[in-house]
Amino acid sequence: MASDTLTITDNRTGKTYEIPITDGTIRAIDLRQIKTGPDDFGLMSYDPAFLNTASCRSAITYIDGDKGILRYRGYPVEQLAEKSTFLETAYLILFGELPTAAQLEDWKDQITHHTILHETLKQLIDAFRYDAHPMGIFISTVAAMSTFYPEANQIHDPDNRMHQIIRLIAKVPTIAAFSYRHSRGLRYMYPDNDLSYTGNFLSMMFRMTDAKYEPNPVLERALDVLFILHADHEQNCSTNAMRNIGSSHVDPYSAMAGAAAALYGPLHGGANEAVLRMLNQIGKKEHIPAYIERVKRGEVRLMGFGHRVYKSYDPRASIIKRVADEVFSVTGTSPLLDIALELERIALEDEYFISRKLYPNVDFYSGIIYQAMGLPVTMFPVMFAIARTVGWLAQWQEMLTDSEQKIARPRQVYIGSGKRDYVPIDAREQHGQAIHR
Ligand code: CMC
């Protein structure tokens, strides 16, 4: 008779164990009972990079990587990208349900009234060198916010948590825009409460001498869609960092600075920046085959391709391709788009990419859109971070209210020396290379 259990026979001892299966998962701690004797610590699972380990139970985002499905709280991302707004989707992700009209108005009002940065934070941004990477400024400013709001460490108080969540979602566009203006030597533009979330962001980025900035509605909407697509993606590297750091019960600003740092890497949120550099390096369509050969020889990676979870077309990439057409109808087309389209075409016909199920991911086209909007490549990961703030905070809150969660602390398989006695300095043999300076 079928039962939801796994029977394991330990061939070292001949003993048999029956382990429950729930939601297609066994609990790693159930392996601990499997021992060769009383001194044995018990069996562990070894899973570098969490290839096959669920670290939490989550009700926020659902992904089916083989079918190319992404849903927030059950709603397909395609429907949200078509019908919702970023702030409405943020509400959905955080609270679990779509807001009523009154709830949405109140939510937008709350976010709009927390967009201004403390003047001292502005001075902090000023202290960075003129060529500081805006992502470095972003990470540092978010971290510094913990010193401005020390009450944020009351992480078990739901009202307090929500206050910090609103502050962060409201202020990240301001931090991002100020970091950009600093790198351009431009005066900071304060938030304009009459504009939408993305309209205000464009105003803070690009307003020059005009008294009032009027965002182009196509670009404003395109940015909103891009933010919806980046809002959450379940247990990715930066979200895992957010949960991991947050599990020590530190305040959300410190945890989110760590999450943003994880996002900065070229294999994660820094990939859109890397895609643009790659497309520029390729330069011409004729150079694509040679580049593909380098990828196949393992010399370089095709940035914006491949995903740990998606083994088919990333659903976000298909939506972004459509957004690109809308944006280019306003900004004029980008020569890099032609290279990207041709690169995609060639790669998708190549056995190397087919056999490894490597398809364009969310970052393959987003950078080209951002560039067409006038953003420098260094701002691309920052754009990702603005949107992902919502996901990080929703996941952080879910982690804190999950009674099963504790401080995150993986085990290791120790492979170093056994016990040995201290050797006096004049009795030691040289090992390894001298340290280079
Ligand atoms: N170009 C060339 N080969 C690749 C690529 C790529 N972009 N991605 C994976 N492979 C190959 C890899 O060499 C390996 O081949 P083999 O089996 O012969 O050794 C195979 O495909 C499996 O790769 P993996 O490194 O084991 O896969 P992973 O799940 O650890 O890595 C990834 C996922 C996203 C880090 C990787 O695909 C990658 O480096 N992509 C480029 C960077 C990128 O676009 N990142 C953005 C991800 S989407 C946005 C986000 O979530 O941040």
Side-chain angles (χ1 to χ4, degrees), residues 47-53 60-66 68-70 72 77 135 226-243 258-279 281-282 288-321 336 340 343-344 346-370 377 380-392 395:
D47 190 11
F50 301 119
L51 289 178
N52 197 37
T53 294
I60 300 174
T61 292
Y62 173 77
I63 300 176
D64 182 327
D66 290 325
I69 293 174
L70 170 61
Y72 299 149
V77 75
M135 195 62 182
L226 283 168
F227 282 178
I228 291 172
L229 298 181
H230 284 88
D232 191 52
H233 212 228
E234 49 119 308
Q235 307 312 313
N236 54 85
C237 176
S238 58
T239 301
N240 182 53
M242 181 84 195
R243 281 181 173 260
L263 186 75
Y264 193 5
L267 298 187
H268 190 11
N272 49 17
E273 185 176 347
V275 170
L276 248 274
R277 295 191 198 287
M278 175 188 77
L279 293 175
Q281 192 194 341
I282 294 173
I288 293 174
Y291 194 83
I292 295 273
E293 286 312 309
R294 289 187 62 205
V295 172
K296 286 157 68 174
R297 285 199 298 271
E299 290 170 23
V300 283
R301 285 213 155 186
L302 186 52
M303 299 312 286
F305 258 67
H307 200 276
R308 171 62 58 80
V309 178
Y310 293 119
K311 299 302 169 194
S312 67
Y313 215 97
D314 182 336
R316 302 169 298 175
S318 338
I319 301 169
I320 285 185
K321 252 173 121 173
L336 295 184
L343 197 53
E344 178 186 336
I346 295 179
L348 293 184
E349 285 174 0
D350 193 297
E351 185 50 30
Y352 177 95
F353 298 91
I354 295 169
S355 62
R356 289 170 178 78
K357 298 188 176 169
L358 299 172
Y359 293 86
N361 60 47
V362 68
D363 286 328
F364 193 64
Y365 289 103
S366 61
I368 307 176
I369 300 179
Y370 289 143
V377 284
F380 297 176
V382 183
M383 304 300 285
F384 197 153
I386 295 175
R388 189 53 60 85
T389 295
V390 168
W392 288 330
Q395 300 269 353

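Note that ligands are numbered from 1 as they come in the structure, with each ligand's atoms numbered from 1 the same way.
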- prompt: What's the verdict on side chain to side chain contact (heavy atoms under 4.5 Å, CB included) for Leu263 and Trp392, showing C-alpha distance, side-chain angles and the deciding distance?
  reply: CA-CA 11 Å; Leu263 186 75; Trp392 288 330; 3.9 Å; yes
task: Show the numbers, then the answer: is there a side chain to side chain contact (heavy atoms under 4.5 Å, CB included) between Ile319 and Tyr365?
output: CA-CA 10 Å; Ile319 301 169; Tyr365 289 103; over 6 Å; no
message: One pair to check against side chain to side chain contact (heavy atoms under 4.5 Å, CB included): Tyr62 and Ile69. What are the steps and the verdict?
response: CA-CA 8 Å; Tyr62 173 77; Ile69 293 174; 4.1 Å; yes
message: Could you walk me through whether Ile60 and Tyr72 satisfy the side chain to side chain contact (heavy atoms under 4.5 Å, CB included) test, starting with their C-alpha distance in whole Å, then the side-chain angles of each, then the deciding distance to 0.1 Å, before giving a yes or no?
response: CA-CA 6 Å; Ile60 300 174; Tyr72 299 149; 5.9 Å; no
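The protein reaches atom 12 (C) of ligand 1 closely, with a heavy atom under 4.0 angstrom from it. Of the protein's heavy atoms, none falls inside 4.0 Å of atom 26 (O) of ligand 1. At least one protein heavy atom sits closer than 4.0 Å to atom 45 (N) of ligand 1.
The contact set between ligand 1 and Val362, taken as ligand atoms under 4.0 Å from a residue heavy atom, comprises 49 (C). For ligand 1 and Asp363, the ligand atoms under 4.0 Å from any heavy atom of the residue are 46 (C), 49 (C). Heavy-atom proximity to Gly269, at under 4.0 Å, picks out these atoms of ligand 1: 52 (O).
Proximity of Asn236 to ligand 1, defined as any heavy-atom pair under 4.0 Å, is not found for any part of the residue. Residue-level proximity to ligand 1 for His307 is carried by backbone and side chain together, each with a heavy atom below 4.0 angstrom. The backbone and the side chain of Arg301 each have at least one atom closer than 4.0 Å to an atom of ligand 1 (non-hydrogen atoms only).
What sits closest to atom 41 (C) of ligand 1 on the protein, heavy atoms only, is Phe305 O, 3.4 Å. The protein non-hydrogen atom at the shortest distance from atom 7 (N) of ligand 1 is Leu302 O, 2.8 Å. Nearest to atom 2 (C) of ligand 1 among the protein's heavy atoms is Val295 CG1, 3.4 Å. At the top of the distance list for atom 3 (N) of ligand 1, counting protein heavy atoms only, stands Tyr352 OH, 3.0 Å. The protein atom (non-hydrogen) at minimum distance from atom 33 (C) of ligand 1 is Arg308 N, 3.7 Å. Nearest protein heavy-atom contact of atom 10 (N) of ligand 1 is Leu358 CD1, 3.7 Å. Here the protein heavy atom with the shortest distance to atom 42 (C) of ligand 1 is Met303 CE, 3.4 Å. The closest protein non-hydrogen atom to atom 17 (O) of ligand 1 is Arg356 NE, 4.0 Å.
Between Phe380 and Tyr370, the ring planes lie tilted relative to each other; the angle falls in the 30° to 60° range.
Residue His268 has at least one N or O atom closer than 3.5 Å to an N or O atom of ligand 1. The shortest N or O to N or O distance between Leu267 and ligand 1 is under 3.5 Å. Polar contact check, Asn361 against ligand 1: a nitrogen or oxygen pair lies under 3.5 Å apart. On a distance-only criterion, Ala271 and ligand 1 share no N/O pair closer than 3.5 Å. Where the criterion is an N or O separation shorter than 3.5 Å, residue side chain and backbone included, Gly304 meets it with respect to ligand 1.
In this structure, the salt bridge (charged side-chain N to carboxylate O under 4.0 Å, His left out) partners of Glu349, at least two apart in sequence or on a different chain, are Arg345.
For His233 and Phe384, the gap between ring centers reaches or exceeds 6.0 Å.
At distances below 3.5 Å, not a single donor-acceptor pair connects side-chain atoms of Arg243 with backbone N or O atoms of Thr239. Asn361 contributes a side-chain N or O that, together with a main-chain N or O of Gly306, makes up a donor-acceptor pair within less than 3.5 Å. Without hydrogens or angle criteria, Asp47 side chain to Thr53 main chain gives a donor-acceptor distance under 3.5 Å.
Dense packing is recorded around NZ of Lys296, with more than 12 heavy atoms of other residues, nucleotides or ligands lying under 6.0 Å away.
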